[in-house]
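Reading through the structure tokens given below for one structure.
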Amino acid sequence: MTTHTLEESVAKSPPGTAASSARRRPGRIRRAGLPYLLLLPALVLELLVHLVPMVIGIVMSFKELTQFYIRDWGTAPWSGLGNYRLSVDFHAPVGAALLHSFLVTVGFTLLSVALCWLIGTAAALFLQDTFRGRGLLRALFLVPYALPVYAAVITWVFMFQHDNGLVNHVLHDQLHIGAKPAFWLIGDNSFYALLTVSVWKGWPFAFLMVTAGLQNIPGELYEAAALDGAGMWQRIRRITLPSLRPVNQVLVLVLFLWTFNDFNTPYVLFGRSAPEVADLVSVHIYQASFVTWNFGTGSAMSVLLLLFLLVVTGGYLLATTRERRTSDV
């Protein structure tokens, strides 16, 4: 049988036969492979932007990479675990400074996440009921989240100025708080300035997430609770918060990771050298790498930070999964 007659027989074969299945198989393969083909550009970019630099950073952490090997970092001598030992030796200056920065970051992150969640949840609950002007308030609440980080933080830098800043003008000149204007960008007050800016630009995200979660709570539950005599706080504690538990689990984790890794806010607020009380670990690693030109030690610190965040994320997900399964049972 020639090729022409074979093709005609396949084309004329009835449905359900082997010949018709062979004719449909290439189309099915193309349809099944289309989603992966569409994902390929994103996967390639993810590989180039995140995975490749991550692998290079891990390799750099095992090298004595200083400014003398910047032009050809591949020739830097291997140090093995020397950079890691130096980073976790808390009795030495480098390890002690890293531990202090880590503790500052933990305290700052916990306070920022708690305040962001509290303010965002309170604002979402306040705007849950319909009233005139609710749409305008929602838009105003989302302004800090919509502004570019650099523009927003630079505005706060001018507001925190000692002599002509808005913060000192309101607190000292108008409200007469304090004997003299405070320094907000240096000294002990820098921690509160950093916390204020972080909460200001972070709570609208919590507000947005909680608002979306409130839309999924049936109104009949509140009506039934009101008929049973439940007050506002009882409805929030018995209905709202349990219903928002899946949203809050994701929200708290995202806020924690964003805040712990935040570099833009302290860098724009304080510059290359942050005050000691506001020395976040992200800025500390930057200083160890690009100020002292010890890229090997800075890379080791970055890997340790990555491992810490992976452990915290894994433990948090494991704990919340078990809690969800227990509550379902």
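Just so you know, these numbers use all the heavy atoms, side chains as well, and skip hydrogens, waters and symmetry mates. Note that this is a predicted model, so its numbers are computed, not measured.
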- Item | Residues forming a salt bridge (Lys or Arg N to Asp or Glu O under 4.0 Å) with D262, sequence neighbours excluded | K201

- Query: L171: what forms a side-chain contact (heavy atoms from CB on, under 4.5 Å) with it, not counting sequence neighbours?
  - Reply: V167, L175, I177, W184

- Message: Please determine whether residues W200 and F270 belong to a single hydrophobic cluster, defined as Ile, Leu, Val, Met, Phe, Trp and Tyr linked transitively by side-chain heavy-atom distances below 4.5 Å.
- Response: yes

- Message: When you compare the side chain of V210 with that of L125, does any pair of heavy atoms fall below 4.5 Å?
- Response: no

- Which is it for D89 and V94 under the side-chain contact (heavy atoms from CB on, under 4.5 Å) test, yes or no, and what are the steps along the way? CA-CA 8 Å; D89 186 5; V94 175; over 6 Å; no

- Are any of the side-chain heavy atoms of T313 and L257 separated by less than 4.5 Å? yes

- Query: Under a single-linkage definition using a 4.5 Å side-chain heavy-atom cutoff for Ile, Leu, Val, Met, Phe, Trp and Tyr, are F256 and I285 assigned to the same hydrophobic cluster?
  - Reply: yes

- Shortest non-hydrogen contact between S282 and N261, atoms and distance: CB-O, 4.1 Å

- Item | Euclidean distance, Q67 CD relative to T292 OG1, rounded to 0.5 Å | 8.5 Å

- Rounded distance [0.5 Å steps], CZ in F68 versus OG1 in T75: 13.0 Å

- With F308, which residues qualify under ring-ring contact (aromatic ring centres under 6.0 Å, His included), at least two apart? F102, F260

- Query: Y316 and Q249: which non-hydrogen atoms are nearest, and at how many Å?
  - Reply: OH-O, 2.7 Å

- Item | L43 CG to L38 CG distance, which is reported to the nearest 0.5 Å | 11.0 Å

- Query: Out of curiosity, does V106 fall in the hydrophobic cluster containing V104 (side-chain heavy atoms, cut-off under 4.5 Å, transitive links)?
  - Reply: no

- Query: So, S61 side chain and I58 main chain: donor-acceptor pair closer than 3.5 Å or not?
  - Reply: yes

- Message: Strictly distance-based, threshold 3.5 Å: is any side-chain N or O of S101 a donor or acceptor partner for the main-chain N or O of D279?
- Response: yes

- From T121 atom OG1 to L241 atom CG, the distance as rounded to the nearest 0.5 Å: 7.5 Å

- Can you list the residues that meet the ring-ring contact (aromatic ring centres under 6.0 Å, His included) rule with F131, with sequence neighbours excluded? F126

- Note on the structure: Shortest non-hydrogen pair, S289 vs G298, comes out as OG-CA, 3.2 Å

- Would you check if T196 and W156 make a side-chain contact, meaning some heavy-atom pair closer than 4.5 Å? yes

- Query: Are L280 and V157 connected in a single hydrophobic cluster, I mean Ile/Leu/Val/Met/Phe/Trp/Tyr linked by side-chain heavy atoms less than 4.5 Å apart?
  - Reply: yes

- Message: Can you confirm whether or not the ring centre of F62 sits under 6.0 Å from the ring centre of Y84?
- Response: yes

- Could you tell me whether the side chain of S190 and the main chain of G187 form a donor-acceptor pair under 3.5 Å? yes

- Message: Take a 6.0 Å sphere around CZ of F158 and say whether it holds more than 12 heavy atoms from other residues, nucleotides or ligands.
- Response: no

- Message: Using the side-chain hydrogen bond (donor to acceptor under 3.5 Å, both in side chains) criterion, which residues pair with T105? Sequence neighbours excluded.
- Response: none

- A274 to Q287 - nearest heavy-atom pair and separation: N-NE2, 3.4 Å

- Can you tell if the side chain of T297 reaches within under 4.5 Å of the side chain of S87, non-hydrogen atoms only? yes

- Judged by modelled atom types alone, do T265 and S198 share a side-chain donor-acceptor pair under 3.5 Å? no

- Nearest heavy-atom approach of M301 to A288 is SD-CB, 4.0 Å

- Task: Walk me through it: do N216 and S243 pass the test side-chain contact (heavy atoms from CB on, under 4.5 Å)?
- Result: CA-CA 9 Å; N216 297 324; S243 301; over 6 Å; no

- Task: For residues S299 and L65, determine if any side-chain heavy atom of one lies less than 4.5 Å from a side-chain heavy atom of the other.
- Result: no

- Message: I need the full list of ring pair (Phe, Tyr, Trp, His ring centres under 6.0 Å) pairs touching residues 201-246, with sequence neighbours left out, sorted by first then second residue.
- Response: F141-W203, F141-F207, Y145-F205, F205-W258

- Message: I want to check something: taking the side chain as every heavy atom from C-beta on, are L208 and T211 in contact at a cut-off of under 4.5 Å?
- Response: no

- Item | Partners meeting ring-ring contact (aromatic ring centres under 6.0 Å, His included) with H100 (sequence neighbours left out) | none

- Task: Answer yes if F183 and L185 sit in the same cluster of Ile, Leu, Val, Met, Phe, Trp and Tyr residues linked by side chain heavy atoms under 4.5 Å apart, and no otherwise.
- Result: no

- Task: Identify, with sequence neighbours excluded, every residue that meets side-chain hydrogen bond (donor to acceptor under 3.5 Å, both in side chains) alongside N248.
- Result: W117

- Item | Heavy-atom donor-acceptor pair, N168 side chain to A182 backbone, under 3.5 Å | yes

- By side-chain contact (heavy atoms from CB on, under 4.5 Å), L103 pairs with (sequence neighbours left out) L99

- Shortest non-hydrogen contact from M54 toward L306: SD-CD2, 4.2 Å

Please tabulate, for the side chains in residues 133-140, all donor-acceptor contacts under 3.5 angstrom to protein atoms that are two or more places apart in sequence or on a different chain.
{"from": "R134", "atom 1": "NH1", "to": "L127", "atom 2": "O", "distance (Å)": "3.3"}
{"from": "R134", "atom 1": "NH1", "to": "Q128", "atom 2": "O", "distance (Å)": "3.1"}

- Query: Could you give the distance from NE2 (H284) to CG (L305), rounded to the nearest 0.5 Å?
  - Reply: 11.5 Å

- Message: If you define the side chain from C-beta out and look only at heavy atoms, does anything of L111 sit under 4.5 Å from V199?
- Response: no

- Task: Quick one: list whatever passes side-chain contact (heavy atoms from CB on, under 4.5 Å) with Y267, sequence neighbours left out.
- Result: F263, R272, Y286

- What residues form a side-chain contact (heavy atoms from CB on, under 4.5 Å) with D188, not counting sequence neighbours? V277

- Separation of L194 CG from F191 CZ (nearest 0.5 Å): 7.5 Å

- Query: Should L147 and T155 be marked as a side-chain contact (heavy atoms from CB on, under 4.5 Å) after you check the CA-CA gap, both sets of side-chain angles, and the distance that decides it?
  - Reply: CA-CA 11 Å; L147 285 176; T155 303; over 6 Å; no

- Can you check side-chain contact (heavy atoms from CB on, under 4.5 Å) on V149 and V268, steps first, answer last? CA-CA 9 Å; V149 176; V268 178; 5.7 Å; no

